[in-house]
Engineer: 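There's a structure below that I have some questions on.
Quantities reported herein were computed from a predicted structural model and do not represent experimental measurements.
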Amino acid sequence: MELPEECWESIFSFLEHHRYFEPLSLVCKRFLSITNHLRRSLTITDPTLESLPHLLLRFPNLTTVAFRDFHGNLDSVLSLICQSGLPLTSLDVSCHKCFPLLGLKCLASKIRILTELNCSNIGSLKDSDLIEIGNCFPSLEVVDISYPDHGCGFSPNGSLDSKSFSGLVTDYGILGLASSLRRLRKIDLSGNTFITDQALVSLSSNCMFLTEIGIRDCDFITQNGIALAIRKTGNLKSIFMNGIGIPSIDVCFLDSFSYARSLCELDLSNSFISDELLCLVAEANLPLNKLVLSRCFCFTFDGIYFLLSKYQFLAYLDLEGANFLNDESIIELAKFFGNLTFINLSLCSKLTNSTLFNLMGNCPLLTIINMERTNLGVEAFPAEIVVNPRVKSLHLGWNNNLNDECMKMASYVCPNLEVLDVTYCSGITEEGILEVLKSCVQIRCLEISRCQGVNNLELDFELPKLEVLQAEGLAINDEALASIGKRCGRLSRLNLEGCLNVTARGVEGVIVNCKALKEMNLRWCNNVSVDIVAWMVLSRPSLRKITLPCGSVPTANQRNFFLRHGCLVCQG
């Protein structure tokens with residue numbers, strides 16, 4: 001009996017990403033129709049532009065649209081999206097030179113239900129734009145206006161140009177935005193250097209549902225303003241800031257945490273904090289599950305020990321740069337790590353193999369471990385080694401003492417590893433990497449760039465799930481590259497920058513065999529001729545971006561040809 005369409009939709013919905021819809025869509029017209037209707041997000045790039053009208057018709061239920069590596073006219077594309085009648089709820093126009101005011105106004109004429117808008121890193125963002133955002137999309141719940149590009153607002157000597165002051169975001173713009181967005185839940189104001197405490201007053205007074213505020217690098221927001229916002233925003237669950245404690249910590253800021261009854265996430269990165277502050281946070285008895293103290297100074301082991309003893313339900317802990325930590329202190333703290341799923345101990349230079357394997361053995365829920373720029377590879381392994389099938393990601397880059405023995409042990413302890421990053425680990429050879437790949441068949445992402453000990457990487461076994469390979473600066477040759485192509489059928493991103501032994505022959509082996517390949521970086525692969533690029537684009541329709549070897553400059557006609565075939569070709 002044939003399954004009804006609703007059953008197939010339920011089954012396909014379990015797929016974790018829409019990229020897995022593509023092979024299903026090739027099975028039959030019915031599956032094509034089902035996957036088209038299930039698709040919810042679309043990323044628009046330069047190569048997408050020509051086929052965009054067709055894509056908007058093909059995927060009628062898109063709710064999320066994001067622009068990436070797009071250099072066209074945002075206003076005209078937003079007008080096109082407006083005419084499509086999509087049930088759009090989330091839009092990302094970040095990292096563009098100009099704020100698309102006309103396009104957003106057009107979009108608002110048909111789509112008023114937008115709930116998320118990302119305008120981070122936008123050029124020329126100003127108060128009047130924020131007021132228009134509020135008027136156009138009153139249902140917005142999540143807004144990101146972080147780090148606007150104010151380059152045009154400064155004179156050549158670096159001083160503020162008074163004529164351009166109106167082109168900046170100030171308290172006036174935040175007030176206009178907050179007055180219109182009564183449902184606002186999350187806002188990131190980071191990098192808006194001309195807003196003051198008054199901006200936080202406007203938000204806490206007008207936005208009763210506000211749960212998350214980001215205020216990193218807001219130079220004129222004071223501890224007093226932050227304390228006031230914490231006190232007045234009763235639903236606040238997350239706040240991220242930096243630079244606290246310069247020159248000292250105010251009493252009002254210390255006392256404010258006793259009012260933060262709903263606070264679940266606290267980020268104090270790059271701050272001068274004290275044990276006193278940590279103790280007050282501990283005694284506030286918050287529902288804290290995420291704590292970020294990355295690159296903070298002036299606190300000690302005693303302070304962090306007391307805090308962690310009170311918050312043994314933490315799931316996310318970032319202590320990057322806490323250089324007083326050693327293997328013994330981590331053993332002491334680990335008894336409070338029973339619920340941790342993420343830990344970052346990068347730049348803790350006294351931590352060795354002992355910490356890494358004790359964490360994996362004593363933290364049963366841990367899935368992601370960051371220990372970059374530590375002292376891994378030094379000291380013996382713990383006497384008792386415990387297998388931890390929950391660990392999915394190890395980020396261990398820039399550890400010069402890390403060696404093959406450690407890699408082999410990690411592959412034994414983490415059989416379900418999906419992401420491994422050992423960038424710039426010069427003590428590792430291809431023997432250690434191959435041991436990991438043989439043991440960890442779930443590997444999706446492997447980053448081995450600049451591992452000087454990896455001279456080649458010939459594969460004689462399948463890697464059915466590998467999707468991303470970062471192999472920048474390795475001495476791999478055409479034979480190794482051809483074996484990667486044959487054994488990694490799902491490879492979608494390949495970075496070969498600086499692989500000087502690679503020629504067109506090796507590239508051909510990848511193009512022929514990797515049917516899902518979307519991106520390839522050939523910068524500084526000067527033995528690869530630009531003449532092969534047209535063949536690459538025609539032979540592998542899935543390709544979306546190619547970075548050419550240095551000195552290779554495609555003509556305007558060539559660029560247009562590549563774009564017509566859906567591929568962005570960048571100069572190396």
Engineer: Under the side-chain hydrogen bond (donor to acceptor under 3.5 Å, both in side chains) test, which residues partner N121, sequence neighbours left out?
Structural biologist: none
Engineer: For the ring pair Y311 and F313, is the centre-to-centre distance below 6.0 Å?
Structural biologist: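 Judged by ring-centre distance (under 6.0 Å), Y311 and F313 do meet the cut-off.
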Engineer: Show every donor-acceptor pair shorter than 3.5 Å between a side-chain atom in residues 227-235 and any protein atom, with sequence neighbours excluded, or say none if there are none.
Structural biologist:
{"unit_1": "R231", "atom_1": "NH1", "unit_2": "Y259", "atom_2": "OH", "d": "3.2"}
{"unit_1": "K232", "atom_1": "NZ", "unit_2": "S205", "atom_2": "OG", "d": "3.2"}
{"unit_1": "T233", "atom_1": "OG1", "unit_2": "A229", "atom_2": "O", "d": "2.7"}
{"unit_1": "N235", "atom_1": "ND2", "unit_2": "M208", "atom_2": "O", "d": "2.9"}

Engineer: Only distances under 3.5 Å count here; give the side-chain donor-acceptor pairs of residues 133-141 to other protein atoms, sequence neighbours excluded, each with its distance to 0.1 Å.
Structural biologist:
{"unit_1": "N135", "atom_1": "ND2", "unit_2": "I131", "atom_2": "O", "d": "3.3"}
{"unit_1": "E141", "atom_1": "OE1", "unit_2": "R185", "atom_2": "NE", "d": "2.9"}
{"unit_1": "E141", "atom_1": "OE1", "unit_2": "R185", "atom_2": "NH2", "d": "3.4"}

Engineer: Please check: side-chain N/O of S41 versus main-chain N/O of T64, any donor-acceptor pairing under 3.5 Å?
Structural biologist: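 Checked: no pair found.
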Engineer: Identify the two heavy atoms, one from G103 and one from D75, that lie closest to each other, and give their separation to 0.1 Å.
Structural biologist: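 That closest heavy-atom pairing would be N-OD1, 2.7 Å.
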Engineer: Between N224 and T222, do the side chains contain a donor N or O and an acceptor N or O under 3.5 Å apart?
Structural biologist: no
Engineer: Where is the tightest heavy-atom contact between S426 and N400, given as atom of each residue plus distance?
Structural biologist: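 Result for this residue pair: OG-OD1, 3.6 Å.
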Engineer: Is the F336-Y305 ring centre distance short of 6.0 angstrom?
Structural biologist: yes
Engineer: I need the minimum non-hydrogen distance between I226 and I221, along with the two atoms involved.
Structural biologist: CG1-CG2, 3.8 Å
Engineer: Considering residues, nucleotides and ligands other than R183, do more than 12 of their heavy atoms fall under 6.0 Å from its CZ?
Structural biologist: no
Engineer: So for atom CD, which belongs to Q452, do other residues, nucleotides or ligands contribute more than 12 heavy atoms lying within a distance under 6.0 Å?
Structural biologist: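 Check fails, neighbour count at 12 or below.
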Engineer: Give a yes or no on whether F324 atom CZ has more than 12 heavy-atom contacts from other residues, nucleotides or ligands under 6.0 Å away.
Structural biologist: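 Yes.
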Engineer: So for atom OH, which belongs to Y172, do other residues, nucleotides or ligands contribute more than 12 heavy atoms lying within a distance under 6.0 Å?
Structural biologist: no
Engineer: Is there a side-chain hydrogen bond (donor to acceptor under 3.5 Å, both in side chains) between N323 and S349 once you walk through the steps?
Structural biologist: CA-CA 6 Å; N323 215 29; S349 59; 2.8 Å; yes
Engineer: Looking only at side chains, do D327 and T352 share a donor and an acceptor under 3.5 Å apart?
Structural biologist: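 Yes.
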Engineer: What pairs of residues pass the salt bridge (charged side-chain N to carboxylate O under 4.0 Å, His left out) test when at least one of them lies in residues 215-224, not counting sequence neighbours?
Structural biologist: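 Qualifying pairs, neighbours excluded: R216-D267.
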Engineer: Show every donor-acceptor pair shorter than 3.5 Å between a side-chain atom in residues 385-395 and any protein atom, with sequence neighbours excluded, or say none if there are none.
Structural biologist:
{"unit_1": "N388", "atom_1": "OD1", "unit_2": "R390", "atom_2": "N", "d": "2.9"}
{"unit_1": "N388", "atom_1": "ND2", "unit_2": "M360", "atom_2": "O", "d": "2.8"}
{"unit_1": "N388", "atom_1": "ND2", "unit_2": "C363", "atom_2": "O", "d": "3.1"}

Engineer: With salt bridge (charged side-chain N to carboxylate O under 4.0 Å, His left out) as the rule and sequence neighbours excluded, what pairs involving residues 371-384 come up?
Structural biologist: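 Residue pairs with at least one partner in residues 371-384: there are none.
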Engineer: Side chains of N326 and S329: do they bring a donor and an acceptor to under 3.5 Å?
Structural biologist: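 A donor-acceptor contact under 3.5 Å links the two side chains.
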Engineer: Under a 3.5 Å cutoff, is there a donor and acceptor pairing between the side chains of Q442 and N416?
Structural biologist: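 Checked: Q442/N416 side chains show no N/O donor-acceptor pair below 3.5 Å.
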Engineer: Taking only residues two or more places apart in sequence or in another chain, which ones pass salt bridge (Lys or Arg N to Asp or Glu O under 4.0 Å) with E418?
Structural biologist: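 Only R444 meet the salt bridge (Lys or Arg N to Asp or Glu O under 4.0 Å) criterion with E418.
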Engineer: Any Lys/Arg nitrogen of E467 or R493 sitting under 4.0 Å from an Asp/Glu carboxylate oxygen of the other?
Structural biologist: no
Engineer: Any Lys/Arg nitrogen of K97 or D149 sitting under 4.0 Å from an Asp/Glu carboxylate oxygen of the other?
Structural biologist: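 Salt bridge between K97 and D149, a charged N being under 4.0 Å from a carboxylate O: no.
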Engineer: If we count only N and O atoms by modelled type, under 3.5 Å, do the side chains of T423 and D421 hold a donor and an acceptor together?
Structural biologist: yes
Engineer: Under the ring pair (Phe, Tyr, Trp, His ring centres under 6.0 Å) rule, what pairs show up with a residue in residues 348-373, not counting sequence neighbours?
Structural biologist: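 Pairs touching residues 348-373 that pass the test: F357-F381.
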Engineer: Scan for salt bridge (charged side-chain N to carboxylate O under 4.0 Å, His left out) pairs involving residues 240-263, sequence neighbours excluded, and state none if there are none.
Structural biologist: none
Engineer: Would you say the side chain of E265 lies within less than 4.5 Å of the side chain of N289, judging by non-hydrogen atoms?
Structural biologist: yes
Engineer: What I'd like to find out is whether the side chain of L307 reaches to under 4.5 Å of the side chain of F299, using heavy atoms alone.
Structural biologist: no
Engineer: With sequence neighbours left out, what residues match E212 under salt bridge (Lys or Arg N to Asp or Glu O under 4.0 Å)?
Structural biologist: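 Scan of E212 (salt bridge (Lys or Arg N to Asp or Glu O under 4.0 Å), adjacent residues dropped) gives none.
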Engineer: Name all residues meeting the ring-ring contact (aromatic ring centres under 6.0 Å, His included) criterion together with F337; count only those two or more places apart in sequence or in a different chain, and write none if there are none.
Structural biologist: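 With neighbours one apart ignored, the set is empty.
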Engineer: So which of L366, L314, N370 actually passes side chain to side chain contact (heavy atoms under 4.5 Å, CB included) with F342?
Structural biologist: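 By the side chain to side chain contact (heavy atoms under 4.5 Å, CB included) criterion, F342 pairs with just one of L366, L314, N370: N370.
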Engineer: With side chains defined as the heavy atoms from C-beta onward, is the minimum distance between L181 and V143 less than 4.5 Å?
Structural biologist: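 Yes, their side chains come closer than 4.5 Å.
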Engineer: If you look at every heavy atom in L351 and L325, which pair is closest and at what distance?
Structural biologist: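 Taking L351 first and L325 second, the nearest heavy atoms are CD2-O, 3.7 Å.
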Engineer: With F220, which residues qualify under ring-ring contact (aromatic ring centres under 6.0 Å, His included), at least two apart?
Structural biologist: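 ring-ring contact (aromatic ring centres under 6.0 Å, His included) check on F220 returns nothing, list empty.
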Engineer: I need the D127 CG to D171 CG distance, nearest 0.5 Å.
Structural biologist: 8.5 Å
Engineer: Are the side chain of S271 and the backbone N or O of I273 linked by a donor-acceptor pair below 3.5 Å?
Structural biologist: no
